[in-house]
**Q** 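Please read through the structure below; I'll follow up with questions.
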Amino acid sequence: MPVPFSQVEALLALPRDFYERPTIEVARDLLGKTLIHRRRAGRIVEVEAYLSEQDRAAHAWSGRTRRTEVLYGPGGYCYVYLVYGMYHCLNVVAETAGSPGCVLVRALEPLCGIETKPPCNGPGRLTRALGIDLRQYGADLTAGPLTVRDALRPLTEIVQTGTRIGIRHATDWPLRFWLASPT
DNA sequence: CAATAGATCATCT
DNA sequence: GATGATCTATTGC
């Protein structure tokens with residue numbers, strides 16, 4: 001593995017304050033941060049922001065239901081759901097209680113514990129690579145086996161912005177952010 | 001290459 | 001009963 005686990009384990013988890021801000025800021029700031037599940041870790045390189053009831057593409061668009069319940073709680077918790085019957089998607093709840101913003105984590109750069117045979121870019125492959133499923137629904141990302149921690153190293157890439165992928169509504173909103181090497 | 005179909009199930013109507 | 005914030009395999013140029 002490129003990075004020993006002890007090195008990512010030493011990173012500090014992001015505090016609740018980090019998440020309880022506008023969703024778009026949280027999305028951009030998550031880039032470069034370290035996602036750890038048990039002994040597997042990756043560097044976040046692509047995310048998408050999903051806003052509240054105004055965002056037709058967001059699950060919260062149809063209001064508060066059993067599935068979206070965690071989105072209405074405080075920030076810093078994990079929102080996982082199953083798409084197309086076989087893939088899980090990992091989201092980070094943003095904003096304070098009552099405001100259902102969240103950030104979909106779309107791609108990781110493997111750091112340790114991850115078999116890179118199947119790449120871990122794409123929300124479905126990412127959760128499979130980390131071993132995440134519906135059991136982590138509602139998990140606290142500031143403590144426990146599933147955490148988001150500080151960046152391992154400063155950003156050397158630039159943040160690019162574009163439209164979200166794989167959705168049927170609000171397809172032209174520039175809410176997708178990813179890291180790219182400077183040209 | 002690009003386009004498309006199929007897998008498969010929790011959640012919502 | 002319909003619908004996906006997906007991915008893979010397969011078909012057709």
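Order of the sequence lines fixes the chain letters, A, B, ..., with proteins taken first and strands second; residue numbering starts at 1 for each chain.
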**Q** What's A/Gly85 touching, base or sugar-phosphate or nothing? Going by heavy atoms closer than 4.0 Å.
**A** base
**Q** Measure CG/A/Leu82 against C1'/C/dA2 and give the value in whole Å, please.
**A** 16 Å
**Q** Which nucleotide sits closest to the side chain of A/Tyr79: B/dT13, C/dT8, C/dA5?
**A** C/dA5
**Q** What is the pairing partner of B/dT8, taking Watson-Crick or G-U wobble pairs with both distances under 3.5 Å in any strand?
**A** none
**Q** For the side chain of A/Ile167, counting heavy atoms from C-beta on, which of C/dC7, C/dA5, B/dT13 is nearest?
**A** C/dA5
**Q** Could you state the atom-to-atom distance from CH2 of A/Trp173 to P of C/dA5 in whole Å?
**A**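 To the nearest whole Å, that distance equals 15 Å.
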**Q** Starting from the C-alpha separation in whole Å, work towards a yes-or-no answer on side chain to side chain donor-acceptor pair (under 3.5 Å) for A/Glu95 and A/Thr23.
**A** CA-CA 6 Å; A/Glu95 310 205 7; A/Thr23 307; 2.6 Å; yes
**Q** Given that A/Tyr87 and A/Leu134 both sit by DNA chain B, which one's nearest nucleotide is further toward the 5' end?
**A** A/Tyr87
**Q** Does A/Asp29 pair with A/Arg21 as a salt bridge, N-O distance under 4.0 Å?
**A**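 Counted as a salt bridge, because a side-chain N and a carboxylate O are separated by less than 4.0 Å.
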**Q** Go through B/dC9, C/dT8, C/dA5 for me and flag the one nearest to the A/Tyr50 side chain.
**A**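 The closest nucleotide is C/dA5.
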**Q** So does A/Tyr84 reach the base of B/dA7 with its side chain, donor to acceptor, closer than 3.5 Å?
**A** no
**Q** Quickly work out the A/Asn121 CG to C/dT6 C1' distance and round it to whole Å.
**A**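 Computing the A/Asn121:CG to C/dT6:C1' distance gives 12 Å.
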**Q** Measuring to OP1 and OP2 of C/dT6, would you say a side-chain N or O of A/Arg106 lies under 4.0 angstrom away?
**A**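 Checking C/dT6 against A/Arg106, a side-chain N or O does come within under 4.0 Å of OP1 or OP2.
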**Q** If we ignore hydrogens and angles and just use 3.5 Å, is the side chain of A/Thr34 paired with the main-chain N or O of A/Arg43 as donor and acceptor?
**A**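 It does not hold such a pair.
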**Q** Considering only C/dC7, B/dT11, C/dA5, which nucleotide approaches the side chain of A/Arg67 most closely?
**A**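 Comparing C/dC7, B/dT11, C/dA5 against the side chain of A/Arg67, the answer is B/dT11.
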**Q** Is a salt bridge present between A/Arg164 and A/Asp172, judged by a nitrogen-to-oxygen distance below 4.0 Å?
**A**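 Judged by the 4.0 Å cut-off on N to carboxylate O distance, A/Arg164 and A/Asp172 do not form a salt bridge.
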**Q** Report the distance from atom CE of A/Met86 to atom P of B/dT11, rounded to the nearest whole Å.
**A**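 Nearest whole value for this atom pair: 16 Å.
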**Q** For the pair made of CD1 in A/Ile165 and C1' in C/dG4, what is the distance, rounded to whole Å?
**A** 16 Å
**Q** When we call it a touch if two heavy atoms are under 4.0 Å apart, what does A/Arg164 touch: a base, just sugar-phosphate, or nothing?
**A** nothing
**Q** Take A/Tyr79 and A/Tyr77 through the ring pair (Phe, Tyr, Trp, His ring centres under 6.0 Å) test and state the conclusion after the steps.
**A** CA-CA 7 Å; A/Tyr79 171 49; A/Tyr77 287 86; over 10 Å; no
**Q** Of all the choices, C/dT6, C/dG4, B/dC9, which nucleotide is nearest to the side chain of A/Arg168 once you look at every atom?
**A**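 For A/Arg168, the side-chain atoms sit closest to C/dG4.
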**Q** Could you tell me the separation between the CG atom of A/Leu71 and the C1' atom of C/dA5, rounded to a whole number of Å?
**A**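 One finds 12 Å between C1' of C/dA5 and CG of A/Leu71, rounded.
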**Q** Rounded to the nearest Å, what distance is computed from the CD1 atom of residue A/Ile132 to the C1' atom of nucleotide C/dT6?
**A**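 Rounding to the nearest Å, CD1 of A/Ile132 and C1' of C/dT6 are 16 Å apart.
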**Q** Round to the nearest Å and state the distance from A/Leu126 atom CG to C/dA5 atom C1'.
**A** 13 Å
**Q** For B/dA10, take OP1 and OP2 only and decide whether either is under 4.0 Å from a side-chain N or O of A/Arg66.
**A** no
